[in-house]
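Mind looking over this structure? Questions follow.
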2 protein chains.
Amino acid sequence: MKTNETETVQSVERAIELLYCFTTRTPELSLNDIVKRTGLNRTTVFRLLSSLMKKELINKNAAMNTYRLGLPFIHFAQIVTENLDLRKMALPIMNELNEITKETISLNIIQGASRICIEKLEGKEDIRQFINLGIPYPLYKGASGKLLLAFSKDELIEEVIEGSGLTKNETAELKKDLLLFQEQGFAFSMDERIIGAFAISTPILNSQQQLIGGLSISGLSARLDNNKQLFIKAAIQSAEKLSAMMGYQKLGG
Amino acid sequence: MKTNETETVQSVERAIELLYCFTTRTPELSLNDIVKRTGLNRTTVFRLLSSLMKKELINKNAAMNTYRLGLPFIHFAQIVTENLDLRKMALPIMNELNEITKETISLNIIQGASRICIEKLEGKEDIRQFINLGIPYPLYKGASGKLLLAFSKDELIEEVIEGSGLTKNETAELKKDLLLFQEQGFAFSMDERIIGAFAISTPILNSQQQLIGGLSISGLSARLDNNKQLFIKAAIQSAEKLSAMMGYQKLGG
DNA sequence: AGAACACGTTTCATAATATGGAACAATAGA
DNA sequence: TCTATTGTTCCATATTATGAAACGTGTTCT
């Protein structure tokens, strides 16, 4: 069997074709409806539907022997839109921050037990903080990582600490930082992950008050001096604007 | 091979497991991430991903060799929520209508080129309009069907008329009705699909001004007399309330 | 700089697995 | 009542999914 184009799995493709049969106009389909629409064998459709049902992508309306799309799609869509929106909506705000600070701006998310940068704007100064897109960095080091960790669930924090190889003292130090960052709503570091560099990082939250990413300013420590308060203020404002766009609402007092 | 429990397709189940690897926290995964999470063979995951990508359920971030969920999920979620919400939110409103009118209340949607009832509340009178859930009825007959048709795309109207076997005169009559229903925002019929019965039907629209269903009051013609205007008003109010819940916003003049 | 490693991708032989025809049950329609 | 339609189960077949191995590339470690 020649497969120059990348190989695919027939049954999976067919199963997805079933999903595409459902539309706003036709949200409920009988087995036979699907057979007609796809042209597949009745038995095959039945088996594919069973598989989709087992994994909850399809629900059966027993009363009328029809099938419809399952609840997990709502969750999947949330994942898609959240990240789609985050990146898209972040860019103009990152640009603003970049104009104000002239430093490198980055957008980070948690990936497993690491942090990765999913978007960056390099600084305008001759000596810039360089950032790699998509490379995993530890969550227990540097402002960007620790900020994300500070707003994460305790389980993740424990998991990260375990895998970090930090000493007891270092762990205590880290936990103190996390608490501080949580309280003040931003993270600051200097000469920590990279000697000679500073970073300020702020949390982006969604409508359920969950962390979905972090916005960071980073640059040369030497340039920070009189700008620190300004940068922090700008970073917080930007993150709050982004959070609002992602549906976050500040809890009223 | 003994399969007492309903048979399923391994590769489809596995493909779905891949989808479930993506979460709000980990919206971007590398092939290897997925291999670790699922415990599946690397080649298998690669092939499943290729299949999912071909059908656009997964996108590849070429820059960093990661995968993420595709846009179609947004569409699927729309289908799910629309119908989920519709039925759930409709029930209390249908109850209100039922209290006011004492007649049978039904919730209808378009299914292919037919109308089906997806929810009903039977009347409180001794002689009631009985309604079958999930049975397809023609769209060109009766208030409930014609209302749905009136708010549908021209293509569907043409398709329905073609399959209806209506004469030229009857078609003209139907089109006149559709226009009337569209203008006045409700449909009324008497002794049409069922002799001795009346029906009043009102449209439920979503945020994109699209029809997603219809709300109907139906009962014995003999009981209607002095209630007709009251029923129409109540039906319109209920449908508007439901539409608002589904995101519909009246166009400002 | 060189070696070892990790990761994505391709190839290929194997048999496990998906497939569709046929038969069955249940229900609706004539 | 008989026929047609639809959902479901069973089964033999070979198509199709599978995983080991190998390849190419880029990264990390020493």
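Lettering follows sequence order; numbering is per chain, from 1.
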What integer distance in Å separates Y137(B):OH from dA28(C):P?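 Interatomic distance, OH of Y137(B) to P of dA28(C): 12 Å.
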Write out all pairs satisfying salt bridge (Lys or Arg N to Asp or Glu O under 4.0 Å) with one or both partners inside residues 54-67 of chain B, taking only residues at least two apart or from two chains.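 Those involving residues 54-67 of chain B are E13(A)-K54(B), E17(A)-K55(B).
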R14(A): what forms a side chain to side chain donor-acceptor pair (under 3.5 Å) with it, not counting sequence neighbours?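 Testing R14(A) for side chain to side chain donor-acceptor pair (under 3.5 Å), a comparison that skips the adjacent residues, returns none.
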Between R42(B) and N32(B), what is the shortest heavy-atom contact and its length?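 Closest heavy-atom pair between R42(B) and N32(B): CD-OD1, 3.9 Å.
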ring-ring contact (aromatic ring centres under 6.0 Å, His included) contacts touching residues 142-161 of chain A (sequence neighbours left out):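 Listed by first then second residue: nothing to list.
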Applying side chain to side chain donor-acceptor pair (under 3.5 Å), name anything that partners T171(B), two or more places apart in sequence or on another chain.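 Testing T171(B) for side chain to side chain donor-acceptor pair (under 3.5 Å), a comparison that skips the adjacent residues, returns none.
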Under the rule for side chain to side chain donor-acceptor pair (under 3.5 Å), what residues qualify as partners of S11(A), not counting sequence neighbours?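 Counting only residues at least two positions away or on another chain, S11(A) forms a side chain to side chain donor-acceptor pair (under 3.5 Å) with S11(B).
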Calculate the interatomic distance between L29(B) atom CG and dG8(C) atom P; express it in whole Å.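 The answer, rounded to whole Å, is 11 Å.
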Among residues 30-38 of chain B, which ones have heavy-atom contacts with DNA chain C below 4.0 Å?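 Result for residues 30-38 of chain B: S30(B), L31(B), N32(B), sorted by number.
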Return a table of donor-acceptor pairs under 3.5 angstrom between the side chains of residues 159-167 of chain B and protein atoms on other chains or two or more places apart.
| unit_1 | atom_1 | unit_2 | atom_2 | d |
| --- | --- | --- | --- | --- |
| S164(B) | OG | I161(B) | O | 2.5 |
| S164(B) | OG | L166(B) | N | 3.1 |
| T167(B) | OG1 | E170(B) | N | 3.1 |
| T167(B) | OG1 | E170(B) | OE1 | 3.2 |

Value in whole Å for how far the C1' atom of dA6(C) lies from CZ of F46(B):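 Distance check: F46(B) CZ to dA6(C) C1' gives 16 Å.
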Please encode protein proximity along nucleotides 17-30 of chain D as a string of B, S and -, counting only heavy-atom distances under 4.0 Å. SBBBB---------
Can you list everything that forms a side chain to side chain donor-acceptor pair (under 3.5 Å) with S152(B)? Sequence neighbours excluded, please.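 Here no residue qualifies.
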